[in-house]
Structure formats: structure tokens, C-alpha cells
Protein chains: 2
Amino acid sequence: MTPSKPIVPSAAPDPYKERILEAARELFTANGLEAVNMYAIAKRAGIGQGSLYRRFSDKGEICSLLLRDSTDRFLLSLENELALPQADKAALDHLRSSISRIVGFIEQHAELLQLIKSEFTGKKQLTQFEHPFFRRLNEFLTQLLRRAAAGGEISPVDPQFTATALIAVLSPDLYLYQMKQHGSTKEQITDGIFALFVTGIQKGQ
Amino acid sequence: MTPSKPIVPSAAPDPYKERILEAARELFTANGLEAVNMYAIAKRAGIGQGSLYRRFSDKGEICSLLLRDSTDRFLLSLENELALPQADKAALDHLRSSISRIVGFIEQHAELLQLIKSEFTGKKQLTQFEHPFFRRLNEFLTQLLRRAAAGGEISPVDPQFTATALIAVLSPDLYLYQMKQHGSTKEQITDGIFALFVTGIQKGQ
DNA sequence: GGATTATACGGACAATTGTCCGCAAACACA
DNA sequence: TGTGTTTGCGGACAATTGTCCGTATAATCC
């Protein structure tokens, strides 16, 4: 039994992955996302294309992992709040503040998220909603909506569908479109979402 | 001056386009959308790849044109209703029935629309909202929402943003996801959208 | 009507993606 | 330590996309 790897699996899970991510990060920051291809990443990492594709089937997966730290921290911070004891009737306020934070996150990483999404939906026959990030976000939002429903805060909507619809509206695609085509600000977009997904489903009034 | 072409420009705008669309249609129905590539379409149409790419930069554009008849007829029928004299306070009902019809259309052409969308957003730096079909749908929905706002039927939301959000929710992506992952029916999806985009923005109650 | 310019066809070619397999290093077992 | 097995590296290669340019045909102009 070799004590180098089996004992601490997190210490060196795959040295190649690190080198690939390092190479990708360097090339991305130097040339932009679009200008970098898989061959160049393999070359830069000093490995063969086969070894690269064995780990990442496309650029989107590399970007996903580059964002992994950020997304994990972000999702965890959302999820942790969910575990805290809440005052009654606070779920909708909680939803409102979560949406604000999510829009902020989308804004911060719009370009990378957009590429991840297009690669993810392009190859594979998948929808954006099946990506781990959106899947986890969906679970979070569904739970929040269920809580609001249980507390009688909202009219009887389907929490699962509403969460998915909310994610569709929170997608980087819509964000980038509103910015580019209509010069919307982050605040305008957030308010627009509030109107539909907070005020709109609020019970009474 | 040759009297063959200039006089009736609609008679033979581009004989090649017809042959390409014909070839594509045949190959698509025979082998499915995914299995057909641009080279095969050019070969089948009996032309060079250059001539094909001069007219269609990718498969998505070919699909767009294959759907063109359907989309045109559909959008025109929506738009024509808008021109009809309406009773006051009918805009929201009109929106409701339009949503139903749009969901039906999405359902009918989900696969093609999905491919059009992914090609359109993949190459080019465009969002789905910039595709002519969604652009026109957006204008239609915006106008309907403006009318509802003018009639005091809805709370003061931004019609333009709300229309875009509605389109995000009406995208084939969400439709296919709900069907595949949650076994939703067309009716459940339609009801979910009604709750957010009709009942939700309705004024009073 | 002969010369010049414009148009556009189509296949060769470059670029990129993704796969496959020969080969070598690591491992397992006796 | 020798032998058989497994793993996985990496580059050659196939597949596909998209571009480019030599060339033929049509239009325009003396």
C-alpha cells in the first residue's frame, strides 16, 4: 500500500487537472474565451489531446470547473441561510434577497456562464436546467417557494415549475440581452423579476 | 433587359435555395436533424459547399427557413388579432389565449426550434431573443402588455421586460425540460405560465 | 462585338473537434 | 525478479465545419 495517494485523496486527486485548469486560465485571460481551443489548452498544459479529452469533453466543462470555487461558495452561502431558523412569514423576503444576490452573481460571471451553458446545451441533448449549477439553484428556489407556500404567503402556484421559470428568467442570456439591447441596469432587471416572482405570487393585494 | 426574372422577382428568387431546402428536408426526415451535416446537404442538393454556405451559414438557418412558412402564418395570425377592434379590458384575456396558442406552437416544433436556437446562440454572439421569430413575438407581447397597462388591467410592470421574461419562459428549452424531467403536461405548463404572467400581474386580487 | 468588369460556383484546403489505438509505465501476483 | 495484466498517455487520424480562391459564366461598356 502506497501512503502517498490513497490516504489523502484530496491532496492530489489528479495533477493533470490542475495543469489543465492552470493552462486554460492563462490562455483565457490572455486571449479571451472564444480565441482559445482545446488543442491549444492541451499544448499549453504539455499533454496530449487524448489526455485532455479524457478529463474534459469540451471547453464548457473546463469553464465549469474554473468557476467551481465561486459557484460552490455562492450556493453554499445560499443554502446555509436556508438552514437557519426563520421567522414565520419570512420566506418571500428571503426569496427577494436571494434573487438580488443571484442577479449579482449572474452579472459577475455572465460571460463564463453563457459559454458553459451553450457548450452544455449544444453537445449532449441537455437543457440549461440540467446543469449541476442550475439544478442546485433550482432545488434551493423550490424549497424556498415551498416554504412560502406552507406559510400561506403565496397563492397556490406549483413551486417546482415556478422555480424553473425563475431560473429561465435568471439566465445569463436574458441578462445580457436586456443590457445590450435595452440598456437595462441591474436594478431594473431585479425589479422586473421581483414584480413577477415576488409581488406577483404574493397572496392578497 | 431580360423579361424573365426582373419582372416577377418572387417567381424565382434563388433556385438554389429551393434545392437546398428540398435536400435538407429530405435528409432530415430520413435521418433526423442531428445525423445530417452541411456537407451532406450540399452533396444532396448537387452543389458545392461554397454555394451552400453563401446562403446559409449553418444548419440553424436552414431550419429557420424550413419553419418559415409555419412561423409566418402563426405570427401573422397573432398579429392580425391585435389589429381587430377590442372590447375594453380584454387585453389580459387576449394575452391568456395567445400564451395558450404559443405553447401549442412550441410543442409542435420544439425539436426544430431548439436546434435553431442553439445554432443561433452558439455561433454569432447572439441571445435567443435576437432571433427574428422571438423578436417578432416579443413585439407582439410587448404591445399586448402595453395595452393591458393602458387599460389599467395590470399593475405597473415594465412591458418590455415582462415580454422578454415571458419569452424566456416560453422557450423550447423549458418546455422540453418540464416534459422530460417532471412529466409535465402542456396544460400544467400553460397554467404555470398563466399564474406568473396573467394572474400575477393582474390588478387587484 | 470584342474587351473589361462583376458575379458566383464549387472544390481544395485550413481549422477545430473528438476518437482511437500503439505503446510504455505501473501494478499484481507468485 | 519475472511474467501477465491493467492503466492511461499522447499523437495520429477521422469527421465536420467554414473559408478561400481559381475559374467559368454573365453583365457592362466602349
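Naming convention: chains lettered A, B, ... in sequence-line order (proteins, then strands); numbering from 1 in each chain.
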All N/O donor-acceptor pairs, side-chain side in residues 100-108 of chain B, below 3.5 Å, sequence neighbours left out:
residue: B/Arg101; atom: NH1; partner: B/Glu81; partner atom: OE2; Å: 2.5
residue: B/Arg101; atom: NH2; partner: B/Ser77; partner atom: OG; Å: 2.6
residue: B/Glu107; atom: OE2; partner: B/Tyr175; partner atom: OH; Å: 3.1

Worksheet entry | Side-chain N or O of B/Tyr16 closer than 4.0 Å to phosphate OP1/OP2 of C/dG10 | yes
Worksheet, complete the sentence: Rounded to 10°, the helix from C/dG1-D/dC30 to C/dA30-D/dT1 deviates from straight, judged by its five-pair end axes, by 10°
Worksheet item: Taking only residues two or more places apart in sequence or in another chain, which ones pass side-chain hydrogen bond (donor to acceptor under 3.5 Å, both in side chains) with A/Arg136?
Response: A/Asp72, A/Glu79
Item to complete: Measure the acute angle between the ring planes of B/Phe120 and B/His131, then classify it against the limits of 30° and 60° as parallel, tilted or perpendicular.
Response: perpendicular
Practice prompt. Could you pull out all residues at least two apart from B/Ser70 that satisfy side-chain hydrogen bond (donor to acceptor under 3.5 Å, both in side chains)?
Written response: none
Worksheet entry | Contacts of type side-chain hydrogen bond (donor to acceptor under 3.5 Å, both in side chains), residue B/Asp191, not counting sequence neighbours | none
Discussion item. Please report the distance, rounded to the nearest Å, between CG in B/Asp14 and C1' in C/dC9.
Written reply: 12 Å
Practice prompt. Please list, chain by chain and in numerical order, all residues satisfying salt bridge (Lys or Arg N to Asp or Glu O under 4.0 Å) with B/Lys17, sequence neighbours excluded.
Written response: none
Fill in: Rounded distance (Å) that lies between atom P of D/dT17 and atom NZ of B/Lys43
14 Å
Fill in: Neighbours of DNA chain C within residues 44-60 of chain B, by heavy-atom distance under 4.0 Å
B/Ile47, B/Gly48, B/Gln49, B/Gly50, B/Ser51, B/Arg54, B/Arg55
Fill in: salt bridge (Lys or Arg N to Asp or Glu O under 4.0 Å) involving A/Glu61 - partner list, sequence neighbours excluded
A/Lys124
In residues 140-147 of chain A, what donor-acceptor pairs under 3.5 Å come from side-chain atoms, sequence neighbours left out?
residue: A/Thr142; atom: OG1; partner: A/Asn138; partner atom: O; Å: 2.7
residue: A/Thr142; atom: OG1; partner: A/Asn138; partner atom: OD1; Å: 3.0
residue: A/Arg147; atom: NH1; partner: A/Leu82; partner atom: O; Å: 3.2
residue: A/Arg147; atom: NH2; partner: A/Leu82; partner atom: O; Å: 3.3

Worksheet entry | Contacts of type salt bridge (Lys or Arg N to Asp or Glu O under 4.0 Å), residue A/Arg135, not counting sequence neighbours | none
Worksheet entry | Proximity to the side chain of B/Lys123 - top-ranked nucleotide from C/dT17, C/dG10, D/dG18 | D/dG18
Worksheet item: Taking DNA chain C as the partner, which of residues 21-39 of chain A come within under 4.0 angstrom of it by heavy atom?
Response: A/Asn37, A/Met38
Fill in: Residue list, side-chain hydrogen bond (donor to acceptor under 3.5 Å, both in side chains) with A/Thr127, at least two apart or on another chain
A/Glu130
